[in-house]
Amino acid sequence: MEISKQYDPAQSESKWYAYWLEHKYFKSLPDHREPYTIVIPPPNVTGVLHMGHMLNNTIQDVLVRRARMLGKNACWVPGVDHASIATEAKVVQKLRAEGIKKSDLSRDEFLQHAWVWKEKHGGIILQQLKKLGASCDWARETFTMDADYSRSVIDTFIDLYKKGYVYRGERMVNWDPAALTAVSDEEVIHKEVESALYHVRYKIAGSIDEWVTIATTRPETILGDTAICVNPNDERYKHLHGKKAIVPLINREIPIIADEYVDMEFGTGCLKVTPAHDVNDYDLGRKHHIETIDVLNADGTMSAAAQLYVGEERFAVRKKISADLNAAGHLVKQEPYANKVGYSERTDVPIEPRISLQWFVKMQDLSKPALEHVMNDDVQFWPPKFKNSYRNWMEHVKDWCISRQLWWGHRIPAYYYGIGENEFVIAATDAEALLLAQKATGKPLTAADLKQDDDVLDTWFSSWLWPISVFNGFYSKEEVDYYYPTNDLVTAPEIMFFWVARMIIAGYEYRGEKPFKNVYYTGIVRDKMGRKMSKSLGNSPDPIELMKQYGADGVRVGMLFSSPAGNDLLFDEGLCEQGRNFSNKIWNALRLIKSWNPEGRLQPAAAAAAVKWMDHRLAQVITEIGDHYDKFRMSEMLMTCYKFAWNDFCSWYLEAVKPAYGESMDSTTQKAVVAHFESLLKLLHPLMPFITEEIWHLLAERLSPKDALVIAPWPVAGTCNTAIIEGFAKATDVVTQIRNIRKENNIPNKDALELYIRGDADADTAFYPVIQRLANVSVCHRNLEAPAQAFTFVILGAEYALPFGESVDTSQQVDKLIEELTYTKGFLIAVQKKLSNERFVQNAPEQVLIVERKKETDALAKIALIEQKLTGMGIAF
RNA sequence: GGGCGAUUAGCUCAGCUGGUUCAGAGCACCUGCCUUACAAGCAGGGGGUCGUAGGUUCGAAUCCUACAUCGCCCACCA
């Protein structure tokens with residue numbers, strides 16, 4: 001059969017993915033085998049595949065495929081997250097484009113639109129993952145708003161409420177004025193911004209010309225000021241205690257209070273207190289029983305309570321009011337100031353602290369086991385450095401605001417029967433709620449008397465149940481008992497607190513057990529210049545296009561080059577190109593092997609030696625690769641495979657066994673090579689599933705689906721005799737030296753040379769034929785005096801000489817010898833200096849001394865040899 | 001403001017508890033080759049006083065201390 005010169009990924013990828021699905025290799029059901037489980041970090045339902053997913057899912061697939069080949073019951077659970085804020089924002093945007101405002105729709109109407117949108121766009125990303133080769137058990141695809149899943153979310157809320165962990169309270173929350181919802185602390189990103197510090201003076205009430213000056217970055221909140229606060233120890237302001245000040249522009253009288261919270265050093269040492277718009281002020285306000293005036297609307301415009309600028313946007317007002325204050329003589333000065341401002345992770349608008357009634361989860365007790373079990377490595381982090389930040393967060397964990405003022409998501413199962421703060425019941429259904437409410441009030445309420453909370457739960461309040469709920473673990477034991485705890489979680493450090501920590505918390509709370517054994521943190525995929533990939537920068541390549549261009553295998557390999565755990569990956573298309581080239585290299589190894597027509601002829605000595613070496617080298621590499629997997633060193637694992645395939649297998653092994661031109665292949669060698677190649681394909685399969693499966697089938701007739709590579713047994717390391725490996729390595733060193741001499745002296749490869757070897761005492765002469773084959777050496781003379789006219793070199797104490805005729809230009813050879821002589825002499829001096837140091841000789845361990853003495857003798861021998869050589873050539877030195 | 005981590009070849013990174021895997025890998029670069037598996041390739045080669053300054057030690061990329069630079073996480077100083 002004719003095999004094309006270049007590997008064509010397109011046809012083989014679709015063919016083999018369909019084949020794998022058809023034969024249900026990815027399907028998993030509980031059985032007697034050891035399970036190996038990964039739950040996918042569910043991408044947003046509205047998302048499309050980006051480079052981060054590519055990296056993340058490639059790693060997961062590599063792990064799953066290897067586990068499958070190790071004979072484990074490999075189960076990779078796919079799914080998507082409803083992503084309440086992100087999805088709702090997209091639906092709102094889409095509706096707006098159609099001229100429909102969310103506010104014009106009822107909740108049900110809006111949700112209808114949302115579901116239509118979800119059905120249309122949802123899950124695109126999972127289809128894209130198939131192109132990457134992801135070996136998920138697709139029958140298990142889960143959506144966080146599936147019926148059973150939703151039920152588990154609501155039941156968890158109810159359970160935590162009953163346990164006293166969930167509470168409702170008025171708190172200062174992070175308000176997103178664009179999304180019109182509260183967000184959790186984790187969803188706020190602090191950015192350093194250049195702003196201004198405004199020094200504003202307030203008149204003291206009842207005075208003629210007495211002022212107090214405060215400093216603020218947010219002058220628009222002056223309208224909500226209800227106190228001025230100074231430090232009680234501040235001598236400058238003691239006379240003001242108990243007096244009142246007048247808020248500029250609106251002339252409201254506010255008290256001047258004293259509290260040690262105020263930093264005397266900062267600004268003017270006077271703080272304006274706006275309890276409605278600042279967390280600290282809120283606390284101060286409560287402490288000192290100060291009035292609260294909320295001057296902002298939910299959307300960030302000024303409210304009626306502000307009296308001025310009503311309905312105008314907060315940042316526009318900031319400019320206006322500073323001008324107005326200035327005009328009125330209140331602005332003392334304005335200085336540039338760099339401060340941190342919180343931005344919404346989702347909408348990227350500045351967060352507004354806002355007092356509102358929200359639902360919270362008490363975290364302190366709940367999170368204790370989750371801290372402990374990570375610190376003692378029951379749950380292991382890779383790399384472990386992330387344990388530090390995890391601990392830091394867990395030790396200072398704060399209550400989790402779980403209500404969101406959105407419609408898309410799991411609606412909070414709270415039903416109000418009155419407007420009082422505690423006039424509600426928590427229930428899974430309307431009917432149950434009604435019963436509870438009747439019981440609570442002792443009144444014959446009807447459904448119409450109850451109103452369910454309008455808010456939905458934070459998305460992460462559902463995703464934290466993911467490792468349990470994907471197995472329907474709250475309602476059925478069968479699957480969850482088998483698959484849980486899962487093995488490895490592969491995710492980004494960015495969501496360590498959002499998701500990883502909370503899954504661990506939920507795991508211990510609801511299963512009394514960790515959700516996964518290992519957490520592998522990937523880095524962020526950045527562009528070549530180190531910038532985060534983003535739509536707005538347009539620096540993110542389309543993964544689907546990349547796969548078209550370089551093949552899925554090429555891209556997978558490209559992603560894994562240079563991406564150690566926890567390190568950002570500087571993505572460069574060149575890496576995918578390298579991956580594609582690697583595919584092609586393997587492909588051409590197949591072409592070579594397939595071109596042989598083996599005969600029953602005698603096995604050449606070089607081939608026999610190379611085959612033996614490969615047996616041992618393979619064993620060594622299998623062990624090494626296993627070690628890398630165990631330590632989650634993915635890119636090193638890849639690099640080991642890459643170098644083994646390219647250098648050891650192709651460059652040395654195939655070249656050594658390859659029949660000379662015009663000769664045929666012997667069947668003994670051919671069989672051995674095929675067996676070795678098959679082992680290599682197995683090692684490569686998790687990395688490059690498509691091409692390896694393709695080659696696997698081209699290499700031999702595999703009639704039964706049971707013989708597919710995807711489920712082939714992982715290679716077992718045989719014995720590894722390092723002496724054999726070293727022997728071969730020495731042979732390759734000799735070959736390289738000879739090639740080098742040929743090149744430097746323009747000796748064509750086709751001219752056979754004779755090689756004289758001396759002092760190669762403990763050598764395995766079995767590898768001499770390999771030298772002869774690869775360096776075109778006609779004969780190896782052992783322990784025979786070499787002619788004086790020869791190129792020489794020394795490797796590990798043995799001397800090698802290649803005689804040359806008179807015609808060869810030796811000047812380069814002489815230069816090189818002199819250079820080497822100089823270097824070796826310098827080296828000798830250094831070693832001898834060390835050895836003559838009494839303290840070194842006394843203190844260094846025996847082993848080190850032996851090594852140093854050997855260095856000395858080797859160097860002396862080498863110098864003698866080179867000098868002898870030069871003398872023989874008639875050169876003075 | 002608190003914490004964590006990094007700094008090794010042009011780039012991306014290995015180098016575990018101080019001494020033969022100590023100065024490494026891949027890519028890039030340079031030179032010569034279209035040699036019947038592969039130019040998406042082959043063969044060969046150059047390149048780093050391991051951020052700076054001290055210290056411990058017979059011996060430091062490796063341990064200690066400062067400093068410099070960069071990154072990340074956490075944090076309610078207006």
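Chain naming here is simple, since letters A, B, ... match the order of the sequence lines and numbering starts at 1 in each.
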- Task: Classify the side chain of A:Glu655 versus the base of B:rA37 as yes if they form a donor-acceptor pair under 3.5 Å and no if they do not.
- Result: yes

- Task: Choose from B:rA43, B:rC38, B:rG26 the nucleotide whose nearest atom is closest to any side-chain atom of A:Lys643.
- Result: B:rG26

- Task: Starting from C1' on B:rA40, measure out to CH2 on A:Trp646 and report it in whole angstrom.
- Result: 7 Å

- Using only heavy-atom distances, decide whether a donor-acceptor pair under 3.5 angstrom links the side-chain of A:Lys385 to the base of B:rC4. no

- Query: Among B:rA78, B:rA37, B:rA75, which nucleotide sits nearest the side chain of A:Leu271?
  - Reply: B:rA78

- Looking at B:rA40, does its base get a donor-acceptor pair with the side chain of A:Gln6 below 3.5 Å? yes

- Task: May I ask you to verify whether the side chain of A:Lys743 and the base of B:rU31 hold a donor-acceptor pair under 3.5 Å?
- Result: yes

- Taking NZ, NE, NH1 and NH2 as the nitrogens, is one of them in A:Arg853 or A:Glu856 under 4.0 Å from a carboxylate oxygen of the other? no

- Polar side chain donor-acceptor pair, A:Ser12 to A:Tyr7, under 3.5 angstrom: yes

- Task: Would you mind classifying the nucleic acid contact of A:Phe497 as base, sugar-phosphate or nothing, using non-hydrogen atoms under 4.0 angstrom?
- Result: sugar-phosphate

- Between A:Trp400 and A:Arg502, is there a cation-pi geometry (under 6.0 Å to ring centre, at most 45° from the normal)? yes

- Task: Could you tell me which non-hydrogen atom of A:Ala610 sits nearest to which non-hydrogen atom of A:Ala656, and how far apart they are?
- Result: CB-CB, 3.8 Å

- Contact class for A:Val262 (heavy atom, under 4.0 Å): base, sugar-phosphate, or nothing? base

